[in-house]
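One structure is given below, encoded as structure tokens.
Indexing begins at 1, ligand by ligand and atom by atom, following the structure's order. Side-chain atoms are counted along with the backbone in the values below, which use heavy atoms only and exclude waters and symmetry mates. Numbering of residues begins at 1 and proceeds along the displayed sequence.
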Amino acid sequence: MNIAIVGAGAMGKVLEDAAVRRQGTRCVGVIEPLQGLRLRDIRERVDVVVDFSHPVNLNRIEEFVREAACGLVMATTGFSQKQEQQIRELAQLVPVVQAANFSLGIAVMKRALEQITPVLQDSFDMEIIEKHHRNKVDAPSGTANFLAQILNPDGAYRLTAGRQGEKKRGKEIGIHAVRGGSIAGEHTVIFAGEDEMLEIKHTALSKKVFALGALKAAEFLYEKLEVSRAGGEKAAGLYSIEEVLFS
Ligand code: NAD
């Protein structure tokens, strides 16, 4: 499988390192958009593009992936609603895995929250605290927004990013972003009731965990493309990290 990486930032570098060590995977290019590099400059076949960069690069990635009819692992966070729609439309043509968090732990945390939330939500308050390194640009994190969606699937609660001033707590879920040092990523969901609390916390101890999840997602897409090329089921679709890890 030939992969091309968009983004030579912190995650792009960790992913390149993990790809080089992974059997059956070749990294045929690492594109740094800030240096004017483009996917179309890559001379070799690309099976899957993995994007760990910035939402501003979406149009160029879409154009390349459409033309190459390859797979896309979308790991970048912070897209607008319009861009999220653009990704859904692209997935009608090519296979895409999109996840705000590529770790197994967060996928399992999602399942746990789906069980716990309906039981506690009426009598417990729900809050999310996320912590990341000092260089992270978007807040709250994509994973915090993803967790909020699980706690609030039908939008019954207002999402409150941080708090300030004098105001009583309403029907809301507070999301709090801490930024500092080299924290790879920590997400805590707090259920606070009368005289008891339940906390569910995931800690990423290094960025490697996201890189390995993204590589598994690329392999999942590559397999789908191979099946489709051999005349089997069509590969296009928007797949979740749960489908990659649990199917
Ligand atoms: P980083 O700041 O180290 O690197 C970001 C890269 O984005 C840069 O190297 C550059 O290639 C690109 N970029 C930044 N600003 C740009 C601009 N204005 N124009 C064009 N390109 C630009 O960040 P990172 O830690 O490598 O994270 C990259 C992305 O991946 C972020 O969106 C982050 O939230 C996301 N991420 C996702 C997961 C996951 O599991 N889904 C895990 C970690 C990070």
Side-chain angles (χ1 to χ4, degrees), residues 3-19 27 29-42 48-64 71-80 83-84 86-87 96-110 128 130-150 175 177-187 202-221 238-245:
I3 67 161
I5 300 169
V6 180
M11 272 311 307
K13 289 192 182 101
V14 174
L15 178 61
E16 184 186 13
D17 189 49
C27 180
V30 181
I31 300 300
E32 176 47 73
L34 291 176
Q35 289 172 3
L37 297 176
R38 292 174 175 216
L39 282 163
R40 63 164 63 128
D41 298 329
I42 297 173
V48 181
V49 171
V50 185
D51 178 38
F52 272 104
S53 66
H54 187 281
V56 79
N57 300 313
L58 181 61
N59 286 350
R60 285 215 179 123
I61 292 170
E62 181 193 1
E63 196 185 327
F64 177 85
L72 173 64
V73 174
M74 181 47 83
T76 295
T77 59
F79 290 110
S80 66
Q83 287 179 312
E84 293 288 355
Q86 192 177 346
I87 294 168
V96 178
V97 175
Q98 184 184 19
N101 192 303
F102 275 91
S103 72
L104 175 60
I106 288 286
V108 172
M109 186 169 170
K110 171 180 186 268
I128 298 170
E130 57 103 333
K131 301 178 186 173
H132 282 90
H133 53 91
R134 64 164 71 93
N135 295 320
K136 184 162 180 66
V137 288
D138 56 322
S141 70
T143 304
N145 288 329
F146 168 75
L147 294 171
Q149 181 67 33
I150 299 161
I175 311 183
V178 176
R179 293 288 175 268
S182 62
I183 305 169
E186 186 183 290
H187 292 87
H202 176 264
T203 307
L205 299 174
S206 84
K207 293 177 191 292
K208 219 161 68 182
V209 68
F210 308 122
L212 291 176
L215 283 177
K216 278 188 192 150
E219 285 163 359
F220 172 91
L221 294 181
L238 185 58
Y239 303 97
S240 67
I241 186 65
E242 281 183 280
E243 286 167 282
V244 173
L245 296 175

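- More than 12 heavy-atom neighbours from other residues, nucleotides or ligands sit within 6.0 angstrom of NZ on Lys136.
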Quick one: do Leu221 and Val73 satisfy side-chain contact (heavy atoms from CB on, under 4.5 Å)? Show the steps, please. CA-CA 8 Å; Leu221 294 181; Val73 174; 3.8 Å; yes
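- The immediate protein surroundings of ligand 1, defined as residues with any heavy atom under 4.0 Å of it, consist of Gly7, Ala8, Gly9, Ala10, Met11, Glu32, Pro33, Leu34, Phe52, Ser53, His54, Val56, Asn57, Ala75, Thr76, Thr77, Ala99, Ala100, Asn101, Phe102, Lys136, Asp138, Phe210.
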Please step through side-chain contact (heavy atoms from CB on, under 4.5 Å) for the pair Lys110 and Phe146, ending with a clear verdict. CA-CA 9 Å; Lys110 171 180 186 268; Phe146 168 75; 3.5 Å; yes
Report the C-alpha distance between His202 and Glu130 in whole Å, list the side-chain angles of each, state the deciding distance to 0.1 Å, and finish with yes or no for side-chain contact (heavy atoms from CB on, under 4.5 Å). CA-CA 10 Å; His202 176 264; Glu130 57 103 333; over 6 Å; no
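- Listed for the Gln83 side chain is a donor-acceptor partner under 3.5 Å among the backbone atoms of Pro55.
- For Glu16 (side chain) and Lys13 (main-chain N/O), no donor-acceptor pair under 3.5 Å exists by modelled atom type.
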